[in-house]
Amino acid sequence: MEEKTKNVHKDANDPNRKAEDIFRRNLKELRKEAGWTQKETAEKLQIAPSTYANWEQGRTQPGISDIFNLIRIFGIDADELFAADEKRT
């Protein structure tokens, strides 16, 4: 059963906004470092390409099982997915 993604509200005063921006930036960097397109990444995750694109663009967020799958396909620790830039490098 596929988990539904959470719609992201873009309130400038929301303390989670920075974390969401870090997540989507890291997600895009990891994909590009792997040399994959959004479509290829979506295929590896067995999700629709539009779903993956929405994650990178910050429109929606992945569910917990999707996060585990991201960690698996990129071969990373959760820290690499959620850490600010200075911690990732």
Side-chain angles (χ1 to χ4, degrees):
M1 181 177 203
E2 186 177 326
E3 288 186 20
K4 293 188 178 191
T5 56
K6 177 184 170 191
N7 284 328
V8 178
H9 300 285
K10 291 295 182 186
D11 179 356
N13 296 320
D14 184 354
N16 293 321
R17 185 173 180 184
K18 183 177 179 183
E20 292 164 0
D21 289 344
I22 290 168
F23 170 78
R24 64 187 183 89
R25 184 173 49 245
N26 288 349
L27 187 59
K28 186 174 184 176
E29 280 183 25
L30 287 163
R31 176 182 57 80
K32 288 187 171 201
E33 287 171 8
W36 301 334
T37 64
Q38 287 184 344
K39 182 179 179 186
E40 290 168 329
T41 307
E43 288 171 355
K44 292 175 186 306
L45 293 166
Q46 298 180 353
I47 61 172
S50 60
T51 299
Y52 181 81
N54 284 335
W55 297 347
E56 274 194 13
Q57 294 165 7
R59 292 185 193 140
T60 60
Q61 296 174 343
I64 190 72
S65 64
D66 296 315
I67 290 170
F68 280 110
N69 284 332
L70 287 165
I71 291 166
R72 179 186 51 80
I73 68 162
F74 289 123
I76 58 169
D77 294 328
D79 289 346
E80 291 182 71
L81 192 55
F82 296 104
D85 289 340
E86 61 271 8
K87 294 180 182 175
R88 267 201 79 232
T89 56

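This chain uses plain numbering: 1 for the first residue, then up along the sequence. Quantities reported herein were computed from a predicted structural model and do not represent experimental measurements.
Looking at every heavy atom in both residues, Ala83 comes nearest to Ile22 through O-CG2, 3.2 Å. Considering every non-hydrogen atom in both Ala42 and Pro49, the closest pair reads CB-CA, 3.6 Å.
Within the model, atoms CG of Asp79 and CG of Asn26 stand 11.0 Å from one another, a figure rounded to the nearest 0.5 Å. Between the CD atom in Glu80 and the CD atom in Glu29 there is a gap of 11.0 Å [rounded to 0.5 Å]. Summarising the geometry, atom CG belonging to Leu27 is positioned 8.0 Å from atom OG1 belonging to Thr41; distances are rounded to the nearest 0.5 Å. Between atom CD of residue Glu33 and atom CG of residue Leu30 there is a gap of 5.5 Å, rounded to the nearest 0.5 Å. Annotation: the span from Glu20 atom CD to Arg59 atom CZ amounts to 14.5 Å, rounded to 0.5 Å. Taken from CZ in Arg24 to CG in Asn54, the straight-line distance is 12.0 Å, to the nearest 0.5 Å.
Contacts of Phe82 classified as side-chain contact (heavy atoms from CB on, under 4.5 Å), with partners at least two apart in sequence or in another chain: Phe23, Ile67, Ala78. Among residues two or more places apart in sequence or in another chain, the side-chain contact (heavy atoms from CB on, under 4.5 Å) test is passed with Thr37 by Lys39, Glu40. Every residue two or more places apart in sequence or in another chain was checked for a side chain to side chain donor-acceptor pair (under 3.5 Å) with Glu43, and none qualifies.
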Test Lys44 against Trp36 for side chain to side chain contact (heavy atoms under 4.5 Å, CB included), laying out the working first.
-> CA-CA 10 Å; Lys44 292 175 186 306; Trp36 301 334; 3.2 Å; yes
Would Gln38 and Arg31 satisfy side chain to side chain contact (heavy atoms under 4.5 Å, CB included), going step by step from the backbone distance to the final call?
-> CA-CA 8 Å; Gln38 287 184 344; Arg31 176 182 57 80; 3.6 Å; yes
Could you please spell out the steps behind the side chain to side chain contact (heavy atoms under 4.5 Å, CB included) verdict for Leu70 and Tyr52?
-> CA-CA 11 Å; Leu70 287 165; Tyr52 181 81; 4.3 Å; yes
Derivation and outcome, side chain to side chain contact (heavy atoms under 4.5 Å, CB included), residues Trp55 and Ile47 = CA-CA 12 Å; Trp55 297 347; Ile47 61 172; 3.5 Å; yes
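Inter-residue side-chain proximity for Asp21 and Lys18 is flagged as unmet; no heavy-atom pair is nearer than 4.5 Å.
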